Undergrad: 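Mind looking over this structure? Questions follow.
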Amino acid sequence: MKKFLLKISVALLIALALHLTAGFFAGGKTDEYYLRFTGHTQKSMFIGSSRAAQALVPTVFEKHKAELGYEGEMYNFAFTALSSPYGELYLQKITEKLDPATTNGLFVIAVEPYSIAIQVTDSVKDFKLPETRNVLSKTHCVNCTPNFEYLVNNYNKGWGHLFLEHFNLSTTEMELQSDGWLEVIVPMDSVSIAKRSKGKILNHKNSIGEYKLSPMRVDYLEKTIAFLQQHGKVYVVRLPISKAIYDIEKQILPEFDEVIHGVVSKMNVPYNDLNGASALFQYKDGHHIGHESAFVCSDSLVRWVQPKIERAKGD
């Protein structure tokens, strides 16, 4: 019996050691979120959903840091429409990720209909906000390296994959960069784009009548802006999407433009809807901007933000 217990103990210790070692190999190829829950606090950030996660490239802003004059390095802290719509939980995590000593940060907040809406439900009693079932609610620490809590609660592969991913022995189309940008490289030929877009358009069409404006989310968008204004300059943007998706979103939340214009006016922050130039960008699926276009989109935002900052310096 003692020998059996000894063997079991040794096996458990070896398994534990392997898991602990594997945790140190987790990185940008682990999944699309992990690295954002590691590292240290940040001073300047992009905020939003998966559109922002893929479209806003921190290195583009870093090239113009001297002119923009913000603190720290730009960091992409955007997730998805399901895990990071505007609400109490996302604001809490933003608060934890931001260095409290920041006074001159730069913050770009991306908005879309899904970020200020909730699903229509007949059962108020059983309704739960989607973010309460996703990575932000399952992970308490956003600055832990390695983040074993995240891996235990959210990583759904065998931990041996962490070694494979680290040594590029597995294939993936996504890689989360150390600055939080989610780099997604997929075939961008017309056939591939059309196939992916067809699915996204269908999903969006199915969402018509399924969402309604959430005063709670609008309130937390304002609270998020107000909080970040205490630490620097805030800019609000609606990122470009394909015309087909844009037209559907007008049906999903017809009052979106009016609500957002009301928010930015009330909070006194600049707003830029890039959909007026949506034809200038290429899209993976109509919903997310293409890899190369992400650099173009980020550069256009730099050129929009820069003169506003320069004018503010002169006032």
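Computed from a prediction, not measured in an experiment: that's the story for all the values here.
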Undergrad: Please determine, by modelled atom types, if Tyr211 and Glu249 share a side-chain donor-acceptor pair under 3.5 angstrom.
TA: no

Undergrad: Indicate whether the side chain of Thr103 and that of His231 have a donor and an acceptor atom separated by less than 3.5 Å.
TA: no

Undergrad: Cut-off 3.5 Å, side chains only: do His287 and Arg51 have a donor facing an acceptor?
TA: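 Looking only at side-chain atoms, Arg51 and His287 do form a donor-acceptor pair, the distance falling under 3.5 Å.
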
Undergrad: Please tell me whether Glu183 and Gln177 have a donor and an acceptor in their side chains that are separated by less than 3.5 angstrom.
TA: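 Per modelled atom types, Glu183 and Gln177 side chains form a pair under 3.5 Å.
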
Undergrad: Is it true that Glu131 and Arg217 make a salt bridge, defined as a side-chain N closer than 4.0 Å to a carboxylate O?
TA: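 Between Arg217 and Glu131 there is a salt bridge, with a charged N closer than 4.0 Å to a carboxylate O.
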
Undergrad: Could you tell me whether the side chain of Val57 reaches within less than 4.5 Å of the side chain of Asn76, counting heavy atoms only?
TA: no

Undergrad: Would you say the ring centers of Tyr86 and Tyr220 fall short of 6.0 Å from each other?
TA: no

Undergrad: Output the distance between atom CG (Leu202) and atom CD1 (Ile248), rounded to the nearest 0.5 Å.
TA: 9.0 Å

Undergrad: Salt bridge or not between Glu71 and Lys233? Use side-chain N to carboxylate O under 4.0 Å.
TA: no

Undergrad: When you look at CG of Asp189, are more than 12 heavy atoms from neighbouring residues, nucleotides or ligands closer to it than 6.0 Å?
TA: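 Yes, enclosed.
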
Undergrad: Can you list the residues that meet the side chain to side chain contact (heavy atoms under 4.5 Å, CB included) rule with Lys63, with sequence neighbours excluded?
TA: none

Undergrad: Does Tyr271 have its ring centroid less than 6.0 Å away from the ring centroid of His261?
TA: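 Tyr271 vs His261: aromatic centres under 6.0 Å.
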
Undergrad: Kindly list each side-chain donor-acceptor pair under 3.5 angstrom involving residues 106-114, sequence neighbours excluded, with atom names and distances?
TA:
| from | atom 1 | to | atom 2 | distance (Å) |
| --- | --- | --- | --- | --- |
| Glu112 | OE1 | Ser49 | OG | 2.5 |

Undergrad: Roughly how far, to the nearest 0.5 Å, is OG1 of Thr80 from CD of Gln54?
TA: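 Reported to 0.5 Å precision, the distance equals 11.0 Å.
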
Undergrad: If you measure only the distance, is there a donor-acceptor pair under 3.5 Å linking the side chains of Asn275 and Ser278?
TA: no

Undergrad: Should the ring pair Phe79 and Phe77 be called parallel, tilted or perpendicular, given that the plane angle runs from 0 to 90° and is split at 30 and 60?
TA: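 Correct class here is perpendicular.
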
Undergrad: Would you find a donor on one side and an acceptor on the other, under 3.5 Å apart, between the side chain of Ser300 and the backbone of Cys297?
TA: yes

Undergrad: Could you list all the salt bridge (Lys or Arg N to Asp or Glu O under 4.0 Å) pairs where at least one residue sits in residues 287-302, not counting sequence neighbours?
TA: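 Salt bridge (Lys or Arg N to Asp or Glu O under 4.0 Å) check on residues 287-302 returns Asp299-Arg303.
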
Undergrad: Suppose we call two aromatic rings close when their centres sit under 6.0 Å apart. Are Trp181 and Phe46 close by that rule?
TA: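 Between Trp181 and Phe46, the centre distance exceeds or equals 6.0 Å.
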
Undergrad: Under a 3.5 Å threshold, yes or no: a donor from one side chain and an acceptor from the other, between His64 and Gln306?
TA: no

Undergrad: Given Asn154, which partner from the list Asn147, Thr139, Asp31 fulfils the side-chain hydrogen bond (donor to acceptor under 3.5 Å, both in side chains) test?
TA: Thr139

Undergrad: Surrounding CD of Glu175 (heavy atoms of other residues, nucleotides or ligands, distance under 6.0 Å), is the total greater than 12?
TA: yes

Undergrad: More than 12 foreign heavy atoms under 6.0 Å from CD of Glu88: is that the case here?
TA: no

Undergrad: Would you give the length of the straight line joining atom CD1 of Ile94 to atom NZ of Lys223, rounded to the nearest 0.5 angstrom?
TA: 13.5 Å

Undergrad: Taking the six-membered ring for Trp, are Tyr155 and Tyr150 ring centroids under 6.0 Å apart?
TA: no

